[in-house]
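What follows is a single structure, written as structure tokens, with notes after it.
By convention in this document, chain letters (A, B, ...) are assigned in the order of the sequence lines, proteins followed by strands, and residues within each chain are numbered from 1. Side-chain atoms are counted along with the backbone in the values below, which use heavy atoms only and exclude waters and symmetry mates.
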Amino acid sequence: KAGVTQTPRYLIKTRGQQVTLSCSPISGHRSVSWYQQTPGQGLQFLFEYFSETQRNKGNFPGRFSGRQFSNSRSEMNVSTLELGDSALYLCASSPGTSGNTGELFFGEGSRLTVL
Amino acid sequence: GENVEQHPSTLSVQEGDSAVIKCTYSDSASNYFPWYKQELGKGPQLIIDIRSNVGEKKDQRIAVTLNKTAKHFSLHITETQPEDSAVYFCAAISIGGNTPLVFGKGTRLSVIA
């Protein structure tokens, strides 16, 4: 069974640009969560989608957005990039149905560098 | 909301020694406590978990303990090996609820051969 796939793995952008990251969950998983990982801050929750609906949102500015498609694939977008957005963005899928199960399967992440 | 504190942030041990990582949580509604291991260049991977109706759980060289009263839970690794070197994250969540999994800030474990 294929794991969670994230693309691109690495990307470099400049301040003010926007970026779109993609995530394909494990087959059959309908829940997709996104986390931002930075040194010293650990894993900070961005948002979670289940059956194309945003189920939860973390404390990030409106520049961070996401969506989920009918095949459970998800994208997240960051507009007007700032230097502080440089981070590893991790996507995780879960077999959860109603409510959270707590067991997340992570991809290898997309490392974003903002210059 | 839930807040998870994790200590220490870095830990170095000699091969064969034990390592202990401690976490505290704030939300008494949390009832599931997983531990994730992140190796270099990879995403975190679940290695063990414990539910609030259990005080201790073991899986070979790793064990987790939970003290619900004190809202503490710990990861114990015995007979450490170089391949145990990684970043470990604790987390907490209320299963079936509407809140996401909240992680601690991680512990970088180095096992020195």
Side-chain angles (χ1 to χ4, degrees), chain A residues 2-7 9-10 21 23-26 29 31-51 53-60 64 66 87-111, chain B residues 1-10 21 23-25 27 29-54 57 59 64 66 73 86-109:
Chain A
V4 176
T5 303
Q6 291 189 246
T7 58
R9 289 292 314 279
Y10 304 91
L21 309 177
C23 172
S24 293
I26 291 172
H29 287 192
S31 170
V32 173
S33 299
W34 289 89
Y35 285 83
Q36 182 195 63
Q37 184 175 16
T38 55
Q41 291 301 312
L43 298 163
Q44 296 195 294
F45 174 74
L46 282 157
F47 24 67
E48 182 205 359
Y49 288 87
F50 179 79
S51 291
T53 301
Q54 187 180 84
R55 189 155 67 176
N56 264 308
K57 189 177 191 306
N59 295 323
F60 279 81
F64 292 80
L88 181 67
Y89 290 88
L90 289 161
C91 168
S93 71
S94 169
T97 53
S98 58
N100 298 315
T101 66
E103 184 177 5
L104 300 180
F105 295 81
F106 283 90
E108 295 190 325
S110 293
R111 183 166 295 282
Chain B
E2 176 64 273
N3 182 51
V4 178
E5 299 283 340
Q6 183 172 348
H7 300 280
S9 56
T10 60
I21 302 170
C23 291
T24 61
Y25 62 100
D27 189 352
S30 291
N31 55 16
Y32 177 68
F33 307 92
W35 287 85
Y36 285 80
K37 175 183 180 182
Q38 185 177 28
E39 298 177 337
L40 197 62
K42 296 188 177 181
Q45 182 177 10
L46 177 69
I47 55 171
I48 195 167
D49 55 20
I50 190 167
R51 297 181 186 269
S52 59
N53 59 347
V54 175
K57 183 177 179 180
D59 183 4
V64 290
L66 171 65
F73 58 114
V87 179
Y88 291 82
F89 293 95
C90 61
I93 191 172
S94 175
I95 293 288
N98 293 320
T99 54
L101 189 62
V102 176
F103 288 86
K105 291 188 177 180
T107 296
R108 182 174 298 279
L109 173 65

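- By a heavy-atom distance cut of under 4.5 Å, Tyr36(B), Gln38(B), Gly41(B), Lys42(B), Gly43(B) are the residues of residues 36-43 of chain B near chain A, going up by number.
- At a 4.5 Å heavy-atom cutoff, the contact between Leu43(A) and chain B is made by backbone and side-chain atoms alike.
- In this view, Arg108(B) satisfies the salt bridge (Lys or Arg N to Asp or Glu O under 4.0 Å) rule with no residue, not counting sequence neighbours.
- Surrounding CD of Gln45(B) are at most 12 heavy atoms belonging to other residues, nucleotides or ligands under 6.0 Å away.
- Residue Arg111(A): no heavy atom, backbone or side chain, is found under 4.5 Å from chain B.
- Residues meeting the salt bridge (Lys or Arg N to Asp or Glu O under 4.0 Å) test with Asp49(B), sequence neighbours left out: Lys57(B).
- Considering only heavy atoms from C-beta on, Gln37(A) comes within 4.5 Å of Phe89(B) through its side chain.
- A distance-only check finds no donor-acceptor pair linking the side chain of Asn98(B) to the backbone of Arg55(A) [under 3.5 Å].
- Distance check: Tyr32(B) OH to Glu103(A) CD gives 5.0 Å after rounding to the nearest 0.5 Å.
- Interface summary for chain A: among Pro44(B), Gly104(B), Ala92(B), Ser9(B), the most heavy-atom pairs under 4.5 angstrom belong to Pro44(B).
- Pro34(B) touches chain A through its side chain: at least one heavy atom from C-beta onward sits under 4.5 Å away, while N, CA, C and O do not.
- For Gln6(A), no part sits under 4.5 Å from any heavy atom of chain B, backbone or side chain.
- A search for ring-ring contact (aromatic ring centres under 6.0 Å, His included) contacts involving Phe45(A) returns Tyr35(A), not counting sequence neighbours.
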* Run the side chain to side chain contact (heavy atoms under 4.5 Å, CB included) check on Leu101(B) and Leu104(A) step by step: do they pass? -> CA-CA 9 Å; Leu101(B) 189 62; Leu104(A) 300 180; 3.7 Å; yes
